[in-house]
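Contents: one structure, followed by commentary.
Each chain gets a letter, A, B and so on, in the order the sequences are listed, and its residues count up from 1. Please read these numbers as outputs of a predicted model, since none were measured by experiment.
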Amino acid sequence: MSIESISLNQAFDHIRKLDQGVQETTRDKGSVAQVSDSFGQFFGNAVQQLDSSQKVANQGIARLVAGEPVELHQVMLQMEEASINLNLALRVRNKLIEAYQEIQRMQV
Amino acid sequence: VSSIQQSLRISGSALTAERLRMDVISNNVANSQTTRTAEGGPYQRKQVVFLARDQTGPPLQRFREDLDAAQLKGLAGVKVQQIVEDEEPPVRTYDPSHPDADDEGFVEYPNVDVATEMVDMMAASRAYQANVTVIQTLKGMAQKALEIGR
């Protein structure tokens with residue numbers, strides 16, 4: 001799970017760099033720059049939430065394995081939450097890359 | 001996602017409550033022949049009392065602002081409010097050789113009926129399964145929602 005999240009975070013970093021590039025090219029048009037800025041922020045928050053849910057799940061597993069008095073079902077629920085969050089992030093990423101490639105294929 | 005998180009928490013609280021109920025039943029069965037306790041006298045059968053939680057967490061309110069606050073009340077799962085002792089009198093059995101026998105030769109055994117505990121155990125197990133099924137359905141719904149974006 002953690003390996004997946006690392007590679008995912010790298011992918012998001014790439015997207016964020018792309019987003020910054022878009023911001024720089026559209027800086028002269030104030031309103032567009034603002035919109036993309038807030039999107040970047042939104043995206044950063046989403047990634048952070050995803051990361052924290054993964055961390056919570058990992059901590060839960062570690063505590064369970066260490067023999068601490070943790071409820072098994074609570075750990076399973078945390079893992080399930082992390083998995084749903086990861087799937088949502090994957091879907092969003094796929095959509096973003098799809099849109100990017102669509103623009104890339106555009107005839108100029 | 002966070003509202004799904006909240007839904008999972010409702011069922012999770014039920015799982016925790018059922019686990020505690022199971023612990024109490026285990027304790028009753030384990031002590032079904034116990035004649036000595038710290039308080040003196042035989043072990044007394046214990047029971048759990050469930051309480052519906054009515055405090056709504058902030059996430060639920062934030063993500064379901066369109067719902068009326070009164071509707072949200074009572075959607076916060078369940079918890080064990082207290083563990084009470086069964087006030088039934090202990091079972092008196094004639095066994096003069098027992099060290100805890102009284103002057104007439106009677107021993108006071110706990111008021112635990114193992115058959116009743118078995119029935120309670122099955123009920124707790126079924127309730128746990130029911131809540132797991134709710135969680136699986138919630139999970140299925142979340143996955144279906146994610147499939148919209150495929």
Verify same cluster id: [X], [Y] (apolar side-chain graph, 4.5 Å):
X        : Y        : value
B:Tyr43  : B:Val91  : no
B:Leu20  : B:Val78  : yes
A:Ile103 : A:Ile97  : no
A:Val92  : B:Ile148 : no
A:Val70  : A:Leu72  : yes

How long is the span from the [atom1] atom in [X] to the [atom2] atom in [Y], to the nearest 0.5 Å?
X        : Y        : atom1 : atom2 : value
A:Asn87  : B:Glu147 : CG    : CD    : 10.0 Å
B:Ile135 : A:His73  : CD1   : NE2   : 7.5 Å
A:Glu81  : B:Arg9   : CD    : CZ    : 6.0 Å

### Query
Does the side-chain contact (heavy atoms from CB on, under 4.5 Å) test come out yes or no for B:Leu15 and A:Glu71, once each step is laid out?
CA-CA 9 Å; B:Leu15 293 184; A:Glu71 292 277 11; over 6 Å; no

### Query
Looking at B:Gly12 and A:Leu77, what are the two nearest heavy atoms and their distance?
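Heavy atoms only, the tightest pair is CA-CD1, 3.6 Å.
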
### Query
Do you know which two heavy atoms are closest between B:Leu146 and A:Arg91, and how far apart they sit?
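Reported closest heavy-atom pair: O-NE, 3.0 Å.
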
### Side chain / backbone / both / neither for A:Asn94 at chain B, heavy atoms under 4.5 Å
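Neither part; nothing is under 4.5 Å.
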
### Message
Check this for me: B:Arg126, atom CZ, are more than 12 non-hydrogen atoms of other residues, nucleotides or ligands nearer than 6.0 Å?
### Response
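Count not over threshold, so no.
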
### Query
Of the backbone (N, CA, C, O) and the side chain (C-beta and beyond), which part of B:Leu8 lies under 4.5 Å from a heavy atom of chain A, both, or neither?
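Its backbone and side chain both get close to chain A.
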
